[in-house]
Amino acid sequence: MSPAPVKLGLYIHWPYCARICPYCDFNVYKAAGADSGALTDALLADLDHWRARTGPRPLASIHFGGGTPSLMTPAQIEAVLTRAEALWGIAPGAEIGLEANPKEAASFAGLAGAGINRLSLGVQALDDASLARLGRDHDAKGALLALEAAQALFERLSIDLIYAREGQSPDSWAAELSRVLAMGLDHLSLYQLTIEPGTAFARQAERGRLTPPGDDDAADMYALTQDLTTAAGLPAYEISNHARTREDHSVHNRLYWEGADWIAIGPGGHGRLGSHATGGRLATEAALKPADYIARAASGAAHDVETLSARDEAVERVLMGMRLVEEGLDLDALKSLTGFDVDSDGLALALSRGQVRRDGPRLILTPQGRIFADAVAGALAP
Ligand SMILES: C[S@@+](CC[C@H](N)C(=O)[O-])C[C@H]1O[C@@H](n2cnc3c(N)ncnc32)[C@H](O)[C@@H]1O
Ligand code: SF4
């Protein structure tokens, strides 16, 4: 039996936000203004360029991320989807997802009409004081109303929450998460607050004006998250992502963790195509600044493209694959795609510490290993 063809996804980065949140280090810019139409034209030109490089392969998923792609107009979304369909074809039942801010709830019907079939809604917190501290432009009531609107319009829906926030105790997180779990959603993304270098939160922390919970409290909140979500039937299937069933997983995010192929257009988008076994894995990075991206896309040169070394590809496949909680990393596939095994000393140590287990060709983090997921995966990298 020949192996299943590698899936191909499309990521579109919309870099504009109504305002910039103090914790965020994504490639974001305040307000699109007059650039919005030019950026859409650039996205379409960029799609033409990538079709010439990938050849005909149906798209398994399309994801509009950001930034705040819920600021795109339905016509802009439709233009991208129409071009993608004409160039590659969109596989039947493909996931077409978009990251939305609650503030744009009034435009959700238009987004659904344009073809979005999965929404991830940036709720972040359920109380007004936390939302204000996170610099959000919505309150808790607005988030719940947006959620209600989204539930009526999108068959597939997830919300993002940030925990281990300043002033949050394990008890208050347990109460907040229990409220969310009672809503009966099928997918949740639960992120521990990271103080990213260069953000406003990092500057506040340096000056002693922001004190996130200590390591012990953060570890307790992580443990509570696993216990409460598992008890509610939404266990983690990836470090920060929880779903009720396999069908509820994010198809698009799985492409990253499984090491499939994806084209990434829009300012700062990172794509991956191919493998060492098929002549090399391309790593693509689009120009960061919208003006540069727009200027370069017209000539088909909006991206820096390099071929990863087989070792770098293997490292990336280990770091991403180990994030999948149930399946872990397929060691046979790693070897046949890149020629590399995981590091033998790192493997022996992780096995002796009970941080990973073997299941046939697969290497899977244990609950104990998941707490130190990044460090364990780093030690396994060849
Ligand atoms: C690219 S953001 C976009 C979503 C959308 N613009 C919004 O803010 O709702 C994706 C998610 O990453 C999470 N996130 C961003 N920065 C984070 C940080 N420093 N720590 C933890 N989670 C973060 C947030 O939950 C956010 O919803
Ligand atoms: S968290 Fe979302 S809305 Fe806030 S700056 Fe980042 S991408 Fe924009």
Side-chain angles (χ1 to χ4, degrees), residues 11-32 36 63-72 77 97-105 107-108 111 116 118-126 130-140 142-147 149-150 154 157-166 168 173 176-177 180 185 187-206 210 212-213 218 221-222 225 236 238-242 250 252-253 256 264 266-270 288 290 323 373-374:
Y11 173 77
I12 302 107
H13 190 80
W14 190 260
Y16 299 118
C17 296
R19 63 181 183 187
I20 306 300
C21 305
Y23 52 85
C24 183
D25 81 336
F26 288 78
N27 186 36
V28 291
Y29 302 85
K30 199 163 175 290
S36 161
H63 187 83
F64 292 85
T68 306
S70 48
L71 291 172
M72 292 175 79
I77 304 249
L98 181 137
E99 296 167 10
N101 280 32
K103 194 82 178 169
E104 280 87 53
S107 64
F108 289 177
L111 300 176
I116 300 300
R118 182 181 191 275
L119 204 76
S120 48
L121 185 62
V123 170
Q124 318 305 0
L126 284 188
S130 296
L131 289 167
R133 186 69 182 94
L134 289 171
R136 301 293 292 181
D137 60 359
H138 61 89
D139 59 13
L144 294 175
L145 285 173
L147 179 58
F154 300 96
L157 177 64
S158 177
I159 68 173
D160 292 356
L161 291 177
I162 296 179
Y163 69 99
R165 308 186 300 259
E166 188 179 38
Q168 195 175 36
W173 169 233
E176 184 176 29
L177 181 56
V180 170
L185 294 163
H187 191 286
L188 298 175
S189 298
L190 306 173
Y191 300 109
Q192 257 197 46
L193 177 65
T194 313
I195 306 298
E196 301 284 359
T199 59
F201 267 11
R203 289 188 288 280
Q204 291 175 22
E206 274 158 27
L210 169 79
M221 286 188 236
Y222 173 79
T225 305
E238 187 266 350
I239 305 297
S240 308
N241 285 280
H242 299 253
S250 158
H252 192 77
N253 283 339
Y256 303 151
H270 289 253
L288 276 181
R323 299 182 69 94
D374 288 344

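Computed over heavy atoms, backbone and side chain alike; hydrogens, waters and symmetry mates excluded. Just follow the structure's listing: the first ligand is 1, and inside any ligand the first atom is 1. Remember, it's a predicted structure, so these values are computed and weren't measured experimentally.
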Evaluate the side chain to side chain contact (heavy atoms under 4.5 Å, CB included) criterion for residues Asp25 and Thr194: first the C-alpha distance (whole Å), next the side-chain angles of each, then the deciding distance (0.1 Å), finally the verdict. CA-CA 10 Å; Asp25 81 336; Thr194 313; over 6 Å; no
Glu238 and Asn253, any side-chain heavy atoms less than 4.5 Å apart: no
When you compare the side chain of Tyr163 with that of Gln192, does any pair of heavy atoms fall below 4.5 Å? yes
Which heavy atom of the protein is the closest neighbour of atom 13 (C) of ligand 1, given with residue, atom name and distance? Tyr191 CD1, 3.7 Å
Of all heavy-atom pairs linking Gly67 and Cys17, the shortest is CA-SG, 3.5 Å
Subset of ligand 1 atoms that lie under 4.0 Å from at least one heavy atom of Gly66: 1 (C)
Backbone N/O of Ala125 and side chain of Glu176: donor-acceptor pair under 3.5 Å: no
Protein contact to atom 3 (S) of ligand 2 [nearest heavy atom, distance to 0.1 Å]: Asn101 ND2, 3.3 Å
Any donor-acceptor N/O pair, His13 side chain to Asn27 backbone, under 3.5 Å: yes
Validation: residues 198-205 side-chain donor-acceptor distances under 3.5 Å, sequence neighbours left out:
unit_1, atom_1, unit_2, atom_2, d
Thr199, OG1, Glu196, O, 2.6
Thr199, OG1, Ala202, N, 3.2
Arg203, NH1, Gly198, O, 3.0
Gln204, OE1, Arg133, NH1, 3.1
Gln204, OE1, Arg133, NH2, 3.0

May I ask you to list the atoms of ligand 1 that are less than 4.0 angstrom from any heavy atom of Arg136? 7 (C), 8 (O), 9 (O)
In this structure, does ligand 1 have an atom that sits under 4.0 Å from one of the heavy atoms of Gly65? no
Protein N/O/S atoms under 2.8 Å of atom 6 (Fe) of ligand 2? Cys24 SG
Around atom 23 (C) of ligand 1, find the nearest protein heavy atom and jot down its residue, atom name and distance. Ile162 CD1, 3.9 Å
Is there a donor-acceptor pair closer than 3.5 Å between any side-chain N or O of Arg19 and the backbone N or O of Arg136? yes
Find out whether Leu121 and Phe108 are in side-chain contact, i.e. whether some heavy atom of one side chain is under 4.5 Å from a heavy atom of the other. yes
Looking at Gln124, which atoms of ligand 1 are within less than 4.0 Å of one of its heavy atoms? 7 (C), 8 (O), 9 (O), 24 (C), 25 (O), 26 (C), 27 (O)
If you scan protein heavy atoms around atom 5 (C) of ligand 1, the nearest is Asn101 OD1, 2.9 Å
Leu190 vs Val180, test: side chain to side chain contact (heavy atoms under 4.5 Å, CB included). Steps then yes/no. CA-CA 11 Å; Leu190 306 173; Val180 170; 5.7 Å; no
Donor-acceptor pair, distance only, cut-off 3.5 Å: does the side chain of Thr68 make one with the backbone of Leu71? no
Provide, to 0.1 Å, the distance between atom 20 (N) of ligand 1 and the closest protein heavy atom, together with that atom's residue and name. Thr194 N, 3.0 Å
Does some non-hydrogen atom of Gly67 fall short of 4.0 Å from ligand 1? yes
When every non-hydrogen atom of Val123 is compared with those of Leu131, the smallest separation belongs to O-CD2, 3.4 Å
Do Pro213 and Met221 touch side chain to side chain, with heavy atoms closer than 4.5 Å? yes
Return the closest protein heavy atom for atom 17 (C) of ligand 1 as residue, atom name and distance. Tyr23 CD1, 3.6 Å
What protein heavy atom sits nearest atom 2 (Fe) of ligand 2, and how far away is it? Arg136 NH1, 4.0 Å
Just to be sure I read this right, does ligand 1 sit under 4.0 Å from the backbone of Phe26, its side chain, both, or neither, counting only heavy atoms? side chain
Should you measure from each heavy atom of Asp160, which atoms of ligand 1 turn up under 4.0 Å away? 10 (C), 11 (C), 25 (O), 26 (C), 27 (O)
Candidate pair Tyr256 and Tyr11, rule side chain to side chain contact (heavy atoms under 4.5 Å, CB included), full reasoning: CA-CA 11 Å; Tyr256 303 151; Tyr11 173 77; 3.6 Å; yes
Answer with side chain, backbone, both or neither: which part of Glu104 has a heavy atom less than 4.0 angstrom from an atom of ligand 1? neither
Min N/O separation Glu196 to ligand 1 under 3.5 Å: no
Candidate list Ser70, Ser158, Ser120, test side chain to side chain contact (heavy atoms under 4.5 Å, CB included), partner Glu99, passing option: Ser120
May I ask you to list the atoms of ligand 1 that are less than 4.0 angstrom from any heavy atom of Thr68? 6 (N)
Do Thr225 and Leu177 have side chains that approach each other closer than 4.5 Å (heavy atoms only, starting at C-beta)? yes
shortest atom 3 (C) of ligand 1-to-protein heavy-atom contact is with Glu99 OE1, 3.5 Å
Taking only heavy atoms of Leu193, which atoms of ligand 1 are found under 4.0 Å from at least one of them? 20 (N), 21 (C)
What's the shortest distance from atom 21 (C) of ligand 1 to any protein heavy atom, and which residue and atom give it? Gln192 O, 3.4 Å
